[in-house]
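Reminder, nothing fancy here: chain letters follow the sequence lines and each chain counts from 1. Atom set for the values below is all heavy atoms of this structure, side chains included, hydrogens, waters and symmetry mates excluded.
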There are 2 protein chains.
Amino acid sequence: MLNYKHLQYFLQVAKSGSVSRAAEKLHLTPQTLSGQIKSLEERLGIELFRRSGRRLELTRAGKLALHYADEIFRIGAELEEALSESPGTRMTPFRVGISDAVPKTIAHRLLMPALSLQEPVKLICRENRLERLVAELAIHRLDMVLANKPLPTNLDVKGYSHPLGECGVAFFASKALAHTLGPSFPANLDGMPLLLPGEDSALRVPLQRWLEKRGLSVRIAGEFDDSALMKSFGEAGLGIFPSSAVIADEVERHYRVVRIGQTDEIRERYFAITVERHVRHPAVLAMSETAHGGLFSQSPEVSDRTGAN
Amino acid sequence: MLNYKHLQYFLQVAKSGSVSRAAEKLHLTPQTLSGQIKSLEERLGIELFRRSGRRLELTRAGKLALHYADEIFRIGAELEEALSESPGTRMTPFRVGISDAVPKTIAHRLLMPALSLQEPVKLICRENRLERLVAELAIHRLDMVLANKPLPTNLDVKGYSHPLGECGVAFFASKALAHTLGPSFPANLDGMPLLLPGEDSALRVPLQRWLEKRGLSVRIAGEFDDSALMKSFGEAGLGIFPSSAVIADEVERHYRVVRIGQTDEIRERYFAITVERHVRHPAVLAMSETAHGGLFSQSPEVSDRTGAN
DNA sequence: GCCTGGTTTCGAAAATTACGAATTGATTGA
DNA sequence: TCAATCAATTCGTAATTTTCGAAACCAGGC
C-alpha cells in the first residue's frame, strides 16, 4: 500500500525544488525527508529525482508523480474544507478555477473586484491544469476558470472565453545567474538556460518565435505547467524565466530574483472562461468590468501574502 | 495534517459496511480500525459513523468524506499504475469509465466483447460518479462511459448516448430480513426498509412511481450512488434493494442475499456514452454489436418469477 | 437468561518516523 | 589548486504512531 505521508513529503520537496527548503516548510530535518523520499522511490520502484550536482531535478516519472500527488492532496484539502464548513453559513459561493499557468498575484488582482461587491460572496479557489478545470466547469462545479489562453478547441466542452486584459513579458534570474549575464538585453539571453511555461500557457510558442527572430539560442532547462513552480526553480538558479511584466515588482521581491529585461512584443493575455455566452454571475461581471477598466495599465501594487508554492 | 492512512481505513470500513469485515480485508484487527477511525473523527472534528445498534451507518459527513476518500485513493492507484507501466509495452488502450451505479457484473459482461478482438486491447477501467466520468470524457481521458442512464442534459458536454440493452428489476434481501416478509410479492414490500440507487441511476423515479401505483409505502433506509455499496449494506440487513434481474444469480451468490421477487415493469437500461456521434473505436463497436445481439434477452439464468422467502 | 456477532477500551509490543552526528560530493572562490 | 561552503545523504538511536491481545460492552436472537 502506497504511503501517503511519503507522497506528501515528495510533493513538498518537488514544489520547493530542494530537500532542505521543503524540510523548513514542513518543520522537519533534511535527513528525514531524504530518507522518506528514498523509501517512496523504493516502494514505487522508480527514481523520482535525479541527483544532478548538489541540486535535485525531477525525473520524467517524478513529474508524472507530481501531478498525481498534487491532485491527491488538493482533494484532501477539499475534504477538510467541506467537512469543516458549518452548514449554516451559506454565502453565495463563487467557485473559480485558476490555471496553474496563471501567476497567483495576477489571479489575486483579477479576483479582487469580485470580493468587493455589496453582496458578500464566498470565494472558492481551485488550482489545477487548465484541462482539468475546464472539465469541472462542464459539470458546473466551477463558475469560472481563469486562464492564460482561450478555451482549447480540442476539448469537447461548451464554453466561452472572455478576454480580461494583456501585458508585456519580463525576464528574471537569480542574482547569481544575473551576474554571469552580459549587459545588453535581450542579446545576453543567448546560450543561457531558460525555464519555459508548459502547454497550458499560450506564451510558449510566441516566446520561442521571438527568440528565434533575434537569432538567440537558449538551452531549455525546464518546462513547467505551474508558474509558481517555475519561479521557484528560477529562484534556485536553474535558469532565466519569463513572467507577466505587470507583476515584476512582486516577483522580484517574493522570489528574490532580479528583472533582467522586458519586452512588449510578446503579450501575455488573460481570459475568464465560462459556460454561458453572456455572463450572468455578478462576480464574473464585476471582474470583467474592472479588468477592462485598465487593471493592467495602472499597476496598483498589491501585497501578496500567500506562500510561495 | 490529515492522516491518509486513517482515511484509507475509513474508506474500507465505509465500503464494507462493517469494521470487522474491513479488518479482514485489510489484514488487521477490528480494534485497530476502530481506534484509527476514532482518531480520524477527532482530527476532522466530526462524526463519520453513527453507531446505530450493532451496526455502523454513515452520517451525512461520512457520506461526503466517502466520496472524497474514494477519489483520493483512486488517483493514488492511478499514480502507481502510471509509474509501473513500462514505457515499451503499449497496446491500444481502451479507457472506460463505469458509473458507480452500474453493477460490476453488468459492466463485466458488456465489456467482454471488447477484450476478444483480434487486436489485443488494454482495458483501463475507472469507476466514479457519472458526472465526473463525463467530465473526463470531455477532455479525452476516457474513450467511453458506461452508464445507467443517457448523458444528462444539464452537463455542458458534447456527447452521445448509445443504448446497449435493458432488462427488468429484481428485489433482494438478506436471509434474516426475508424471513420477516409476507408471502406475496410485491405486496410484502409494504412498510419494509428499502435501499435506493442515487441520482446517477435512472431507476429511482420509476421505482418510486411503481411502488406508489401499488399503494406500497416503504421506508427509505438509504440512498447509494454506488451500486456495490448498496448491495453491501443490503447484505448487512439494512434493507431490501433492487438490482438488474439478469444478474440475480450472481447477486444472490456474491452477497449472500435472496431474491424476493422481480418485475419487468421497471426497466433498467444501459448506455455507452461517447464523444463522437458515430462510434469509431473498434472496442466500443464490438461491445455495442454484441449487446444488441441479445446480451440481456438470452439470460443464462433460470427464470423463476415466484418470490422466494 | 444466555449465546452470538459485532464494536470498543486498555495497556504493552512492534513498527515507523524523526533527529543528532558525521560523511559525501559538488560548487565557490581565494 | 585547495580549502570553505552548501546541500544531500548515511547511520544509529530516540520519539511517535500503529497494532494487537485480553477483556468489556452492547444489541439481537433463541
Side-chain angles (χ1 to χ4, degrees), chain A residues 1-10 12-14 16-43 47-59 62 174-180 193 232-233 235-238 256, chain B residues 1-10 12-14 16-43 47-59 62 174-180 193 232-233 235-238 256:
Chain A
M1 248 179 197
L2 196 70
N3 186 326
Y4 283 73
K5 187 173 274 193
H6 293 172
L7 199 62
Q8 222 158 7
Y9 293 165
F10 159 73
Q12 190 59 61
V13 171
S16 322
S18 110
V19 172
S20 37
R21 208 185 302 208
E24 234 174 279
K25 289 195 192 172
L26 292 167
H27 307 293
L28 291 170
T29 55
Q31 60 269 37
T32 299
L33 249 52
S34 184
Q36 300 289 289
I37 282 173
K38 182 177 266 290
S39 323
L40 180 63
E41 289 182 323
E42 266 161 29
R43 169 65 184 72
E47 301 261 292
L48 265 12
F49 290 104
R50 184 184 322 296
R51 279 73 177 173
S52 86
R54 68 179 168 192
R55 165 155 327 322
L56 284 191
E57 210 177 322
L58 282 168
T59 60
S174 65
K175 289 201 189 76
L177 194 59
H179 275 296
T180 72
S232 207
F233 272 86
E235 176 181 7
L238 201 70
R256 284 167 296 186
Chain B
M1 249 180 197
L2 195 66
N3 185 327
Y4 283 73
K5 187 173 272 194
H6 292 173
L7 200 61
Q8 222 159 7
Y9 294 165
F10 159 72
Q12 190 58 62
V13 171
S16 323
S18 111
V19 171
S20 38
R21 207 184 306 204
E24 233 174 280
K25 290 196 193 174
L26 291 167
H27 306 293
L28 290 169
T29 54
Q31 61 268 37
T32 300
L33 249 55
S34 183
Q36 299 289 289
I37 283 173
K38 183 177 266 289
S39 319
L40 179 65
E41 289 182 322
E42 266 161 30
R43 168 65 183 73
E47 301 261 293
L48 265 11
F49 290 104
R50 185 184 322 295
R51 279 74 176 170
S52 88
R54 67 176 164 191
R55 165 156 296 29
L56 284 190
E57 209 177 324
L58 282 168
T59 61
S174 65
K175 289 203 188 74
L177 194 60
H179 274 298
T180 72
S232 207
F233 273 85
E235 176 181 8
L238 201 70
R256 283 170 296 186

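The shortest distance between the side-chain N/O atoms of A/Arg51 and the OP1/OP2 oxygens of D/dT9 is below 4.0 Å. For the OP1/OP2 pair of D/dT18 and a distance below 4.0 Å, the side-chain nitrogens and oxygens of B/His6 include at least one atom meeting the criterion. Contact annotation: B/Tyr9 side-chain N/O to D/dT18 OP1/OP2 distance is not under 4.0 Å. Under 4.0 angstrom from either OP1 or OP2 of C/dG20 there lies no side-chain N or O belonging to A/Thr29. Residue B/Tyr4 has no polar side-chain atom (N or O) positioned under 4.0 Å from OP1 or OP2 of D/dT17. Between A/Ser34 and the phosphate of D/dT9, there is a side-chain N or O to OP1/OP2 separation shorter than 4.0 Å. OP1 or OP2 of D/dT10 sits under 4.0 Å from a side-chain N or O of A/Lys38. At the phosphate of C/dT7, OP1 or OP2 sits under 4.0 Å from a side-chain N or O atom of B/Ser20.
Counting all heavy atoms, side chain and backbone alike, B/Phe233 lies closest to B/Leu56 at CE2-O, 3.9 Å. Taking every heavy atom of both residues into account, A/Thr29 and A/Ala23 meet most closely at C-CB, 3.8 Å.
Whole-Å rounding puts the A/Phe10 CZ to C/dT17 C1' distance at 20 Å. Taking atom CD on B/Gln31 and atom C1' on D/dC25, their separation rounds to 14 Å, with Å as the unit. Atom C1' of nucleotide C/dA14 and atom NZ of B/Lys5 are separated by 12 Å, given to the nearest angstrom. Atoms CG (A/Leu238) and C1' (D/dA7) sit 15 Å apart, rounded to a whole Å. What separates CZ of B/Phe49 from P of C/dG6 is a distance of 16 Å, to the nearest Å. Nucleotide C/dT17 holds its P atom 14 Å from the CE atom of B/Met1, rounded to whole Å. Distance CD (B/Glu24) to C1' (C/dG6): 12 Å, rounded to an integer number of Å. Rounded to whole angstrom, the span from the CZ atom of A/Arg50 across to the P atom of C/dA26 amounts to 15 Å.
When atom types are taken as modelled, the side chain of B/Glu57 and the backbone of B/Arg50 share no donor-acceptor pair closer than 3.5 angstrom. In terms of modelled atom types and a separation under 3.5 Å, the side chain of A/Arg51 and the main chain of A/Phe49 share a donor-acceptor contact.
Among the heavy atoms of the strands lying under 4.0 Å from B/Leu28 are primed sugar atoms or P, OP1, OP2 only; no base atom is included.
Inspection of the A/Glu24 and A/Ser20 side chains reveals no N or O donor paired with an N or O acceptor under 3.5 Å.
Among the nucleotides D/dT9, C/dT8, C/dT17, the one closest to the side chain of B/Leu56 is C/dT8. Nearest nucleotide to the B/Thr32 side chain, out of D/dC20, D/dA8, C/dT7: D/dC20.
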